[in-house]
Amino acid sequence: MNPWLYGVALALAGVAAVVLVVDLVRDRAAQDSHFVALAVLELVMVVQLVVGIVALSRTDRDVEGAVFVSYLVTNLLVPVVAAFFALAERSRVGTTILLLGVATVAGLEVRLWDVWGGRGA
């Protein structure tokens, strides 16, 4: 797994989470800028999926392949599902859904790093 992609994904998720928390405190519904940030995060997840599968095929590490790929795919799907539900609920709840999606991506990123390092499957 590429440490640069890992860092970029965590940084994007962190920035998006801060913006979403600020908008939640300000009692704002989900904005177009939130969905743009989610789209950028989704693009990073697509790149990470491709790079992760290539890295898995070339590594001699003790990595549980099915678990690793399932985390990569789940990480790819979470922003899409969060955006779908946030668009269905265009209120403050939609912003909360986006925040939960971004937090889930960050959590899955940390878990991906652990699985890649061989610390649990």
Side-chain angles (χ1 to χ4, degrees):
M1 191 158 119
N2 190 325
W4 286 99
L5 278 174
Y6 173 72
V8 167
L10 282 181
L12 283 173
V15 168
V18 168
V19 169
L20 288 165
V21 166
V22 167
D23 283 345
L24 273 173
V25 170
R26 295 174 65 195
D27 199 25
R28 293 179 61 188
Q31 307 292 314
D32 289 341
S33 60
H34 298 150
F35 293 105
V36 169
L38 218 60
V40 171
L41 187 61
E42 180 70 14
L43 181 62
V44 171
M45 294 300 105
V46 169
V47 171
Q48 187 176 45
L49 175 69
V50 172
V51 170
I53 290 174
V54 169
L56 181 63
S57 68
R58 293 183 177 178
T59 190
D60 57 351
R61 292 173 178 247
D62 185 25
V63 178
E64 192 67 41
V67 173
F68 185 72
V69 172
S70 67
Y71 274 106
L72 285 171
V73 171
T74 303
N75 224 0
L76 181 72
L77 295 176
V78 166
V80 174
V81 172
F84 175 77
F85 282 110
L87 283 170
E89 182 60 48
R90 294 289 274 189
S91 67
R92 186 171 183 230
V93 174
T95 308
T96 306
I97 292 168
L98 290 178
L99 179 61
L100 289 173
V102 168
T104 302
V105 166
L108 287 172
E109 281 295 316
V110 172
R111 184 68 181 124
L112 264 171
W113 191 260
D114 285 345
V115 170
W116 182 254
R119 291 184 294 271

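Being a predicted model, the structure only gives us computed values, none of them experimental.
- Not one N or O on the side chain of Ser91 forms a donor-acceptor pair closer than 3.5 Å with the backbone of Ala29.
- By the criterion of side-chain heavy atoms lying less than 4.5 angstrom apart, applied directly or through intervening Ile, Leu, Val, Met, Phe, Trp or Tyr residues, Val78 is grouped together with Val67 in one hydrophobic cluster.
- The side-chain contact (heavy atoms from CB on, under 4.5 Å) with Val51 is formed by just one residue from the set Val46, Leu56, Leu5; it is Leu5.
- Side-chain N or O atoms of Thr74 include none that pairs as donor or acceptor with a backbone N or O of Tyr71 at under 3.5 Å.
- The structure places CE of Met45 at 8.0 Å from CG of Leu12, a figure rounded to the nearest 0.5 Å.
- In terms of hydrophobic clustering, with Ile, Leu, Val, Met, Phe, Trp and Tyr side chains grouped at heavy-atom distances under 4.5 Å, Trp113 and Leu72 are assigned to a common cluster.
- Contact between Ala30 and Gly94 at its shortest, heavy atoms only, is CB-C, 4.3 Å.
- Under the 4.5 Å side-chain heavy-atom criterion for Ile, Leu, Val, Met, Phe, Trp and Tyr, Leu41 and Val47 are members of the same hydrophobic cluster.
- A tilted orientation is assigned to the rings of Phe68 and Trp116, their planes being inclined by 30° to 60°.
- For the pair Val73 and Val69, the minimum side-chain heavy-atom distance is below 4.5 Å.
- The closest side-chain heavy-atom distance from Tyr6 to Val44 is not below 4.5 Å.
- The minimum heavy-atom distance between Ala106 and Ala13, with the atom names listed, is CB-CB, 4.1 Å.
- Residues Asn75 and Leu49 are not in side-chain contact: their nearest non-hydrogen atoms beyond the backbone lie 4.5 Å or more apart.
- Between the CD1 atom of Ile97 and the CZ atom of Phe84 there is a distance of 10.5 Å, given to the nearest 0.5 Å.
- Note on Val22 and Val25: separate hydrophobic clusters, where clusters join Ile, Leu, Val, Met, Phe, Trp and Tyr whose side-chain heavy atoms are under 4.5 Å apart, directly or indirectly.
- His34 contributes atom NE2, which lies 3.5 Å from atom CG of Asp23 (distance to the nearest 0.5 angstrom).
- For the atom pair CG (Leu76) and CG (Leu108), the distance works out to 11.5 Å, reported to the nearest 0.5 Å.
- Remark: Arg28 CZ to Thr95 OG1 distance equals 8.5 Å, nearest 0.5 Å.
- Counted within 6.0 Å of CZ on Phe35, heavy atoms from surrounding residues, nucleotides or ligands total more than 12; the atom is thus considered enclosed.
- Note that CD of Glu89 and CG of Leu98 are 11.5 Å apart. Values are rounded to the nearest 0.5 Å.
- In the hydrophobic clustering of ILVMFWY residues, with side-chain heavy atoms under 4.5 Å counting as a link, Val115 and Leu77 come out together.
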